[in-house]
**Student:** 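Take this structure first; my questions come after.
Order of the sequence lines sets the chain letters (A, B, ...), proteins ahead of strands, with each chain counted from 1. Every value quoted in this text rests on a predicted model; they were computed, and no experiment measured them.
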Amino acid sequence: MAKNFIEELTWRGMIHDSMPGVEEHLLEKMRSAYVGIDPTADSLHIGHLVSVMMLRHFQRAGHKPYALLGGATGMIGDPSGKSQERNLLNEQELQHNQDAIKTQLSRFLAFDTTDENAAVLVNNYDWMKNFSFLEFIRDVGKHITVNYMMAKDSVKKRLTGENAEGMSFTEFSYQLVQGNDFLHLYKNNEVSIQMGGSDQWGNITTGTELVRRVESGKAFAVTCPLITKADGTKFGKTEGGNIWLDAERTSPYQFYQYWLNTSDEDAEKFIKIFTFLSKVEIEELVASHQEAPHQRQLQKKLAEEVTIMVHSEEALKTAITASNILFGKSTEEDLRSLSAKDFLAVFEGITQATLTRAELKEGVGIIDALSAKTGFLESNGAARRELKGNAISVNKTKVKEDLILTEDHLISDQFILLGKGKKTNYLIIVS
RNA sequence: GGGGGGAUACUCAAGCGGCCAACGAGGGCAGACUGUAAAUCUGCUGAUUUUAUCUUCGAAGGUUCGAAUCCUUCUCCCCCCA
C-alpha cells in the first residue's frame, strides 16, 4: 500500500476511535470503506467535509472509498444527538437532494477513473425500497436483540434522564436500517469498514455486529472527532446559517472569510484536517505563525487551500481581492479604480439591492438607503442607531445621519458600497 | 378525577395597579483597543414622522382615570395526590 491510512489520520487528529486490527487489515491489501451522508439538503455543508476528507485520504492511501447517500435512512432520521424527532422528507425532495450532492462529491473523490480504487457512490434507497417490512424484521431484525439496541447511548438518552422525550419506533429502528446498509455493502461490495463522526459509533457497531452474526465476517469502525471550536460555538455555522459548499448558497467570498476568521487555536487543528499539506509543511507554518501571529499565516493558508479545493483558484483570487478591498486600508480611490466588471465580480457574494437612477437623481437619504429602499437593515430605527454609533460608511468613508446619496456617490456609474461596522458590506446597484 | 404552580422581549429571568417599552444576565450589533483574533472597556438592542407618539408581557373579554400587574373564561406546560 502506498500509505498508512491510519497513521496519516492519526497525526492529523482525525481519529476519535477505531476498532482494534483495522491498521493491519488495511495494510494487507486494498480495502473498501464507506461513509454515510444524509441528503437533508441539496448541498453539503462544511460539517460534511470531515467525512469527505476521510474518504479522500482513504482513496489516496490506495483504498476504495464508497459514499453512501442515505436516501432510505434520510427518510427516517437519525436519533443520535437529536432531542426531537426529525421531520420526514418525501421522496421527491430526497431525489432532488441526492442528485445535487452527487455532483458535489465528484469534486472531491475520483469516481470516473479506470483505477481499481475508483470511488463509488451508492444509495441505500436502492436496496431498501423493495425490502418489505416482514422480510426486514425476519432477515435483519432477528439477529439483533432489543437489549443490544437499547444499550446504545443514542437510544438511552431518549429513554431515560432529564429530557427523555421518548422516541418513536421509526427512530428506534434507525440503527438497524443503517446496520443493514453495512451488511449489504459487506456482502455485495466487500466493504469492510464504516467511517463517520464519533456520534455514529453506536450505529456503526450495530453494523459490524450484524456482519459478525449474519456473515461470520469481520468488519471495522473508524470514527473521527466531532469538530468543535475553541470558543464553543458550533463549527460551520454563522448567524446567517450553515456554510455550504454550494456557491449559490455561500459565496466563495463568504466561504473564504469563514476560514480566515478561524481562531489561532482552531486554525492549527483545522489545517491538519481540511488540507492535504504535509506534516512538515504544517509544522513550519505553525512555527512561523507563532513568531508573527498578527500576520495570521495559518488562517490565510487554511482559507486558501480549502477555498481552492471546494471552489477554484479563480474563486479564491476574487475572494482575496474582495477581502483586501473590504478589510484592507483601501479608500474610495481604490474602489473607483476598479472596472465595472471587476467590481461586480469582487462583490458578487455581498448582499445587494437595486435603486433606480431616477430615485438617485432626486437624492436618497442614507436612512432610506439602509432600510426602507433596500432592506439591508430591518428598520429605520436600526439604521439610525448604527448611524449614531458611527458604524455606517459609504464607499469606505464614514457618514452621518443627514447624508443624502446622489449620483456623485456612484462608482463606475452604477454602484454604491455601503458598510456597517468592519465586517458587513452591502452593495447598491443602480439600474 | 382532586390540589398546587406557571406562561414576560432572541434565551434565561425580575416585575405583581401608575415612576414599565418593562430590572438583571446571556446572546446579538456597533465603537475604542487589536491581528477581519482573544481578552477588556463603552454604547445600543419593539416600532415610528425619535426629547413625543404607537403596539407589546400565552389568548379573549372585564374592573379602573390608569393593568404585565386585579377579575372572568379559554389554550398550553409543570408538580403533587388518586
Side-chain angles (χ1 to χ4, degrees), chain A residues 83-84 161-166 228-235 237-241 243 250-271 285-304 306-307 316 318-331 334-335 346-347 349-351 363-394 396-404 417-427:
Chain A
S83 53
Q84 284 196 330
E162 193 66 6
N163 29 355
E165 294 264 328
T228 54
K229 293 203 299 173
D231 62 4
T233 56
K234 209 166 181 234
F235 172 74
K237 294 251 185 197
T238 62
E239 267 304 290
I243 303 294
T250 301
S251 73
Y253 163 76
Q254 291 164 327
F255 187 85
Y256 175 81
Q257 281 290 324
Y258 182 80
W259 294 101
L260 194 66
N261 277 309
T262 308
S263 72
D264 292 6
E265 255 174 286
D266 291 335
E268 196 176 329
K269 189 164 82 185
F270 291 173
I271 203 163
L285 257 174
V286 169
S288 84
H289 176 267
Q290 275 162 359
E291 271 177 40
H294 59 280
Q295 288 178 7
R296 295 184 303 141
Q297 293 178 48
L298 262 182
Q299 284 91 334
K300 280 180 187 159
K301 189 68 179 170
L302 171 68
E304 279 170 23
V306 183
T307 306
L316 170 69
T318 317
I320 290 179
T321 311
S323 298
N324 284 342
I325 289 175
L326 293 174
F327 295 106
K329 292 177 275 324
S330 65
T331 58
D334 299 325
L335 287 176
V346 164
F347 296 123
I350 284 172
T351 311
V364 178
I366 185 67
I367 289 171
D368 286 341
L370 283 167
S371 63
K373 299 262 190 201
T374 60
F376 292 151
L377 301 181
E378 59 279 6
S379 68
N380 287 356
R384 252 181 269 270
R385 263 202 306 278
E386 301 297 356
L387 282 159
K388 277 194 184 119
N390 196 28
I392 302 298
S393 64
V394 171
K396 306 293 289 180
T397 310
K398 295 279 183 179
V399 298
K400 297 234 167 57
E401 204 172 318
D402 52 13
L403 184 90
I404 309 282
L417 184 69
L418 298 182
K420 175 173 78 88
K422 279 181 249 188
K423 297 192 185 179
T424 319
N425 292 280
Y426 310 102
L427 186 62

**Student:** Would you check, one step at a time, whether the test side-chain contact (heavy atoms from CB on, under 4.5 Å) holds for Asp264(A) with Gln299(A)?
**Tutor:** CA-CA 8 Å; Asp264(A) 292 6; Gln299(A) 284 91 334; 2.9 Å; yes
**Student:** Does A47(B) have a Watson-Crick or wobble mate here (both distances under 3.5 Å), and if so which one?
**Tutor:**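 Answer to the pairing question: U53(B), which forms a Watson-Crick or G-U pair with A47(B).
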**Student:** Could you tell me how far G18(B) sits from A67(B) if I compare only their P atoms? Round to whole Å.
**Tutor:**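 So the two P atoms sit 11 Å from each other.
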**Student:** In Watson-Crick or G-U wobble terms, both distances under 3.5 Å, what is the partner of A22(B)?
**Tutor:**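 No nucleotide pairs with A22(B).
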**Student:** Could you check which nucleotide pairs with G15(B) in any of the strands shown, counting Watson-Crick or G-U wobble with both distances under 3.5 Å?
**Tutor:**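 Because both required distances fall under 3.5 Å, G15(B) counts as paired with U8(B).
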**Student:** So, for Phe270(A) and Trp259(A), which heavy atoms are closest and what is the spacing to 0.1 Å?
**Tutor:**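 Looking at all heavy atoms of both residues, the closest pair is CD1-CZ3, 4.1 Å.
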**Student:** Could you work out the separation of A47(B) and U11(B) based on their P atoms and round it to a whole Å?
**Tutor:**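 Taking atom P in both A47(B) and U11(B), they lie 16 Å apart.
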**Student:** Calculate the interatomic distance between Trp259(A) atom CH2 and G35(B) atom P; express it in whole Å.
**Tutor:**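 Spelled out: CH2 on Trp259(A) to P on G35(B) is 25 Å.
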**Student:** For nucleotides U45(B) and G26(B), find the distance between their C1' atoms and express it as a whole number of Å.
**Tutor:**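 Roughly 13 Å separates the two C1' atoms.
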**Student:** Over all strands shown, is Lys300(A) touching base, sugar-phosphate only, or nothing at heavy-atom distances under 4.0 angstrom?
**Tutor:**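 Nothing: the residue Lys300(A), judged by heavy atoms under 4.0 Å, touches no strand.
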**Student:** Arg384(A) and Glu401(A): which non-hydrogen atoms are nearest, and at how many Å?
**Tutor:**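 For Arg384(A) versus Glu401(A), the nearest heavy atoms are CG-OE2, 3.4 Å.
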**Student:** When the C1' atoms of U73(B) and A82(B) are compared, how many Å lie between them, rounded to an integer?
**Tutor:**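 Roughly 27 Å separates the two C1' atoms.
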**Student:** Expressed as a whole number of Å, how far does the P atom of C20(B) sit from that of A68(B)?
**Tutor:**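 Approximately 13 Å lies between the P atom of C20(B) and that of A68(B).
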**Student:** Is it the case that the side chain of Lys420(A) and the backbone of Tyr426(A) share a donor-acceptor pair, with hydrogens and angles ignored and the cut-off at 3.5 Å?
**Tutor:**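 No: the side chain of Lys420(A) does not pair with the backbone of Tyr426(A).
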**Student:** Taking any heavy-atom pair under 4.0 Å as a contact, classify Glu265(A): base, sugar-phosphate, or nothing.
**Tutor:**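 The residue Glu265(A) makes no contact with any strand.
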**Student:** Side chains of Phe255(A) and Ile243(A), heavy atoms from C-beta outward: is any pair under 4.5 Å?
**Tutor:**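 Phe255(A) reaches Ile243(A) side chain to side chain.
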**Student:** How many Å lie between NZ on Lys400(A) and P on A30(B), as a whole number?
**Tutor:**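 Distance, rounded to whole Å: 19 Å.
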**Student:** Paired with A59(B): which nucleotide, if any, by Watson-Crick or G-U wobble criteria at under 3.5 Å for both distances?
**Tutor:**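 A59(B) is paired, partner U73(B).
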**Student:** Identify, between Tyr256(A) and Gly389(A), the residue whose nearest nucleotide on RNA chain B lies closer to the 5' end.
**Tutor:**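 The residue closer to the strand's 5' end, by nearest nucleotide, is Gly389(A).
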**Student:** Considering every strand and a 4.0 Å limit on heavy-atom distances, what is the contact class for Gln295(A): base, sugar-phosphate, or nothing?
**Tutor:**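 Since no nucleic acid heavy atom lies under 4.0 Å of Gln295(A), the category is nothing.
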**Student:** Answer with base, sugar-phosphate or nothing: what part of the nucleic acid does Ser323(A) contact at a heavy-atom distance below 4.0 Å?
**Tutor:**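 Ser323(A): base contact, heavy atoms under 4.0 Å.
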**Student:** Applying side-chain contact (heavy atoms from CB on, under 4.5 Å) to Asn324(A) and Asp334(A), what does each step give before you reach the verdict?
**Tutor:** CA-CA 11 Å; Asn324(A) 284 342; Asp334(A) 299 325; over 6 Å; no
**Student:** Could you check whether Lys388(A) gets within reach of a base, just the sugar-phosphate, or nothing at all, counting any heavy atom under 4.0 Å?
**Tutor:**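 Answer is nothing: Lys388(A) stays at 4.0 Å or more from every strand.
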**Student:** Using only atom types and a distance under 3.5 Å, with no angle test, would you say the side chain of Lys229(A) pairs donor to acceptor with the backbone of Asp266(A)?
**Tutor:**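 Judged by distance alone, no pair lies under 3.5 Å.
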**Student:** Just the rounded figure in Å: distance from P of U50(B) to CG of Leu387(A).
**Tutor:**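 Atom-to-atom, Leu387(A) to U50(B), this comes out as 14 Å.
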**Student:** Any base atoms under 4.0 Å from Lys422(A), or only sugar-phosphate, or nothing? Heavy atoms, all strands.
**Tutor:**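 Touches a base.
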**Student:** Can a donor-acceptor pair under 3.5 Å be found between the side-chain atoms of Gln257(A) and the base atoms of U36(B)?
**Tutor:**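 Indeed there is one.
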**Student:** Mapping Ser371(A) and Gln299(A) to their closest nucleotides on RNA chain B, which lands nearer the 5' end?
**Tutor:**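 Taking each residue's closest nucleotide, the earlier one in sequence belongs to Gln299(A).
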**Student:** Give one of base, sugar-phosphate or nothing for Asn390(A), where a contact means two heavy atoms less than 4.0 Å apart.
**Tutor:**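 If one applies the 4.0 Å heavy-atom cut-off, Asn390(A) turns out to touch the sugar-phosphate alone, with no base involved.
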**Student:** Quote, to the nearest angstrom, the P distance that separates C76(B) from A59(B).
**Tutor:**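 Pairwise P distance, C76(B) against A59(B), rounds to 15 Å.
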**Student:** Could you check how far NZ of Lys396(A) sits from P of U36(B), rounded to whole Å?
**Tutor:**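 After rounding, the reported distance stands at 11 Å.
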**Student:** In whole angstrom, what separates Asn324(A)'s CG from G35(B)'s P?
**Tutor:**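 Whole-Å distance recorded here is 16 Å.
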**Student:** If we call it a pair only when both distances are under 3.5 Å in a Watson-Crick or G-U wobble match, what pairs with A30(B)?
**Tutor:**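 A30(B) is paired, partner U42(B).
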**Student:** Which pairs, protein N/O on one side and nucleotides 41-47 of chain B N/O on the other, fall under 3.5 Å?
**Tutor:**
{"unit_1": "C44(B)", "atom_1": "O2'", "unit_2": "Arg385(A)", "atom_2": "NE", "d": "3.3"}
{"unit_1": "A47(B)", "atom_1": "OP1", "unit_2": "Ser379(A)", "atom_2": "OG", "d": "3.2"}

**Student:** Could you give me the CA-CA distance, side-chain angles and deciding distance for Phe327(A) and Gln257(A), then say whether side-chain contact (heavy atoms from CB on, under 4.5 Å) is met?
**Tutor:** CA-CA 11 Å; Phe327(A) 295 106; Gln257(A) 281 290 324; 3.3 Å; yes
**Student:** Could you state the atom-to-atom distance from CG of Asn425(A) to P of A30(B) in whole Å?
**Tutor:**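 Atom CG in Asn425(A) sits about 11 Å away from atom P in A30(B).
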**Student:** Quick one: does Lys269(A)'s side chain have a donor or acceptor within less than 3.5 Å of a partner on Thr228(A)'s backbone?
**Tutor:**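 Indeed, once roles are kept as given, a pair shorter than 3.5 Å links the two residues.
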**Student:** Given atom CG of Asp368(A) and atom C1' of U49(B), what is their separation to the nearest angstrom?
**Tutor:**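 It is 12 Å, rounded to the nearest whole Å.
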**Student:** With rounding to the closest Å, how many angstrom separate the C1' atoms on G15(B) and A22(B)?
**Tutor:**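 Pairwise C1' distance, G15(B) against A22(B), rounds to 8 Å.
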**Student:** NE2 of His289(A) versus P of A37(B): gap in Å, rounded?
**Tutor:**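 These atoms are roughly 13 Å apart.
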**Student:** Write down the distance separating the C1' atoms in A7(B) and C57(B), rounded off to the nearest Å.
**Tutor:**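 The answer is 10 Å between these two C1' atoms.
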